[in-house]
Every structure is written in C-alpha cells, then in structure tokens.
Amino acid sequence: MVSDDAATPVGAPLIVPITVEEHLRTARHAVRAAAQRLKLRLVDQTKLVTAASELARNCYIHAGGGELTIEEVVRDDHCRGIRLTFEDSGPGIPDPEAALLDGFSTGGGLGHGLGGARRLMDEFTITTSVTPPTGTAIVATRWVR
Amino acid sequence: MDDRALRSRLADTIGDERDRIVDSWVQAQVEQGAIRAGFSEDDVRQEAYPVIAGLAEALAADGPVRQAVSEAAALRSALSQLSLTRAQAGASSSATASAVLALKEVMLPLLRERAGDDRDLLLDLSLTLSRVVDAAGLVVFQSYLQGREEIIRRQTQEIQELSTPVVQLWRQILAVPLIGTLDSARVQVVMENLLHGIKEHEAKIAILDITGVPTVDTVVAQHLMQTVAAARLMGADCIISGIRPQIAQTIAQLGIDLSTIMTRATLADALTGAISVVTEGAGGETPGELVALAR
C-alpha cells in the first residue's frame, strides 16, 4: 500500500455517520462545504464531492455503513488540502488491487466507483482486513492547487 | 399513602380548584410570553379548561402514570389541539412544552395548602404531579413532532413529483429538466413520467437536462443510462444536455463511457439537434419557422 501523506490536520475534524441512504447526501453536502471553505476551484470541488459520493456509497452498500471524517490538512510545503477518511467494520475487501480495476463490481454497479474515486483524488490509501476484526479504512486527500 | 390514593387526591384538588388553576396557569403563560399576535389571553384560557379536565380524567385511570396520560383520549386531544394552535400561531415547540410544564409551578402552591404540615404528603403529591405533567409535556412534544413529520412526508412527495416534469418542447420532442439528487426513487419517478410522456406525445426524442443535478457519480450515470435504454425500447432517442465543464471532466476521469449516448453542453444545443433529427425524419416537409429555429 502507498504510505499516507505526511500532512497535519488543521482545526477540528468533522465526522459524518453513513448509516442510512440519506447520509450519502449529508456526506456530499459536508464535503462540498469544506471544499468551498478552502476555495477549491469548481472542477476540483466537483471531483472531490464525486469521489466522496462513490466512497460513501461503497461504505453504505458493501459494509452496511460506517463513518466519514473530513479534515482540512496542511503539508510541509504549506500546501493545503482536504482529507477524507472512510472507516467501516464491514466484511473487508478480499483483493483491493482487483477492486480498484475498472469494471470490477460485486454490487451490480458500473464498477468504476473505487478506481474512479482514486483517479479523482491526489492521495489514496486502502487498509482492509477480511479476517476478524474485519473492516476497511480508505484515506483520500485532494490538494488545493 | 399509596399511588392510587395520591392520584385520586391530586384529581380532587384539580376538580375543586379548577378555576384557580386555570387563572394562574394563564397568568404564568402570559409572563412566559405565550401571548403574541393573533393569540389572545382568552384563547389561552379556552385551551386551558379541556387540558385541566383531561388531567383529572387521566389521574382517575389505572396503570402507570405515563401510560394513563398518553391513553386518556380527552387529554390527548386537548394537548394535540393546544400544540396545533400554538404551532399555527408561530410558537416554537419548546415554548409550547414550557407552557405545559408551567402547570407544575402553578399547582404546587395549591398542593402545599392541601398538605398543610404533612411534609411527606406534600413530597408524594408533588412527585405524582411532576410525573403527570412531564407525561403531558411529552404528549405535546410528540404531537408537535408528528405534525412536523406529516409536513415533511407531504413535502417529500411533492418535491419528487414537482421536480420531475416532462414538457413538450416541439412536436415529438420532450424535455425532462432534472433538478437535485438523482437517487433510485427519483429515477423511478422520472422514468415513469418520461415513458408515459413518450407514449402520450408520440415523441421521437427526449432531452434529459442535468443542469440542476449537482453531482454525477457512477450511480447517477447508471440511472441515466437505464432511463435512456428504457426510452429506446419505446422508440425514442435520448439526448443528455446540461453537461457542465466540471461534470464532463469528472465523468471522464471516473471512467464512465457515455459515448453511446448523445450528449450536449446546453439544452439549446440539444433542442437544435433534436429538431433537425425530427424534421429529417419527416422527409423534407420542413416548415420555414422550424428551420429558422434550428439555426
């Protein structure tokens, strides 16, 4: 796995539960609000929100729910960004590399969600376990350009 | 003194002192600021009598206090009525609940008179009173919430139907302006409306405009493709319009292939394209105005 970026959180993180379908919308709104606060360009906002939407839905559908943490982070070179952390205690992903390939789907979707979300973000790390305690954590960051 | 006796004692107090209770309750609410535009002291007084009578009735019932209160039909209806009229007069839920809870302070002095020097009796009576009034406060809050939930349910339905109109733009051309989140439930409504519209207007082209859709992710794209496929089965082609630059970049990077679907940046482009398709199909019977519009 790629190592996580060495960025420091700024301010308090915002935690959004993802337990019912309506929470997908709450998550998108919260991520968009964070992106607007950081004055991301419109296209970057759209990419970030879309990636968040994919990951939140994965969390809801495949893991039966979880939690999104939204943080503003700053790198050593003073570049700022938004870090999204999705954590669940679902069954885990048996083969994360395969799951990232386009067309891979276990839920009847298009199979672009996970790989697409990775392409839409600058940093992307999956930590997953299929042996108890099972669960998946995805940490994804997008920097302000 | 057992609970049964305490409750009957309390009910007697309420029965004997009804007018005094109502007077001081109205007074307490006036002090709390319950009187506002369109809501007079008389209105408050009118509401007070059925509530007090209902309390006495609930106290006469068996079972735990909370259950007795929530099952006393007269009290429930008096409290729901109170909650409703207050909400309509613009009072907040907490102001309404505080008004009901104020009954405690109003009735405590009366209990003190009754109990005299018997401190234990006063304590027991106060506890019983407190339980009854708290339960009544809960009922008020519940009916307030039920009213709100009813409004939300109705609005959700209205939004779902309102926001998915199918409009005829030209002969055999329909447009569906999509606004808001495209979840499965919305897509179902859109699809049904569209398919009926296609049949009704004998449409050849349907334009799905996604200008008002904030996020197009893989599931939204999949829903759009399904809608297009269903329309094709009915002999109508679809054009997806309103693809903003940031959406185009995001869809491309996500890796969604929309190449089998005709897409346009704006509704105007889509309409121009649709008109040319429809008029070509008509075999040269192009009215002049139609050509002018297509340009």
Side-chain angles (χ1 to χ4, degrees), chain A residues 18 20-33 35-36 40-62 84 86 99-122 124 140 142 145, chain B residues 148-149 151-153 155-157 159-160 163-164 178-191 210-230 240 242-261 263 265:
Chain A
I18 303 169
V20 294
E21 201 178 350
E22 279 80 26
H23 289 159
L24 301 182
R25 186 176 343 196
T26 323
R28 280 195 297 266
H29 284 181
V31 171
R32 191 180 293 278
Q36 283 168 348
L40 256 70
R41 293 189 306 146
L42 187 57
V43 59
D44 294 325
Q45 280 181 29
T46 309
K47 286 178 179 177
L48 181 72
V49 172
T50 309
S53 184
E54 299 293 348
L55 295 174
R57 189 178 289 105
N58 279 347
C59 187
Y60 170 67
I61 289 177
H62 299 293
L84 307 177
F86 292 85
L100 279 162
L101 293 177
D102 279 341
F104 181 93
S105 175
T106 56
L110 291 174
H112 291 276
L114 197 57
R118 179 166 71 170
R119 282 191 293 274
L120 291 171
M121 300 297 284
D122 294 320
F124 195 92
R142 191 157 178 102
R145 253 157 278 274
Chain B
R148 283 319 252 295
E149 277 166 12
I151 292 173
I152 293 171
R153 233 190 331 271
Q155 284 179 340
T156 309
Q157 279 177 349
I159 290 170
Q160 259 184 4
S163 57
T164 49
L178 297 170
I179 292 166
T181 306
L182 273 190
D183 55 22
S184 322
R186 284 282 311 282
V187 165
Q188 199 56 41
V189 178
V190 170
M191 204 183 295
I210 59 166
T211 309
V213 179
T215 309
V216 181
D217 59 12
T218 55
V219 166
V220 172
Q222 192 178 18
H223 285 151
L224 287 172
M225 288 188 223
Q226 280 166 358
T227 308
V228 171
I240 297 181
I243 303 201
R244 292 151 286 158
Q246 66 273 23
I247 298 283
Q249 286 187 56
T250 305
I251 289 180
Q253 210 165 5
L254 260 180
I256 301 168
D257 183 13
L258 287 181
S259 62
T260 54
I261 298 172
T263 54

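Proteins get letters first, then strands, A, B, ... in listed order; numbering begins at 1 in each.
Proximity of P214(B) to R28(A): side-chain heavy atoms (C-beta onward) are nowhere separated by under 4.5 Å. Counting only heavy atoms from C-beta outward, the side chains of Q253(B) and T50(A) never approach each other to under 4.5 Å. Side chains of L42(A) and R244(B) form no contact here, defined as non-hydrogen atoms less than 4.5 Å apart.
Note: E22(A) CD to T181(B) OG1 = 10.5 Å, rounded to the nearest 0.5 Å. Once rounded to the nearest 0.5 Å, the distance linking OG1 of T46(A) with CG of D217(B) reads 12.5 Å.
Interface remark: R57(A) contributes side-chain atoms only to the contact with chain B (heavy atom separation under 4.5 Å). Only the side chain of R32(A) comes within less than 4.5 Å of a heavy atom in chain B; its backbone stays farther off. Neither the backbone nor the side chain of V220(B) comes within less than 4.5 Å of any heavy atom of chain A. For A117(A), the part lying near chain B is the backbone, with the side chain staying farther off; criterion is any non-hydrogen pair under 4.5 Å. Using a 4.5 Å cut-off between heavy atoms, Q45(A) makes no contact with chain B at all.
For the set L24(A), V43(A), D44(A), the count of heavy-atom pairs under 4.5 angstrom toward chain B peaks at V43(A).
Judged by distance alone, with hydrogens and angles left aside, the side-chain atoms of E54(A) form a donor-acceptor pair with the main-chain N or O of T218(B) at under 3.5 Å.
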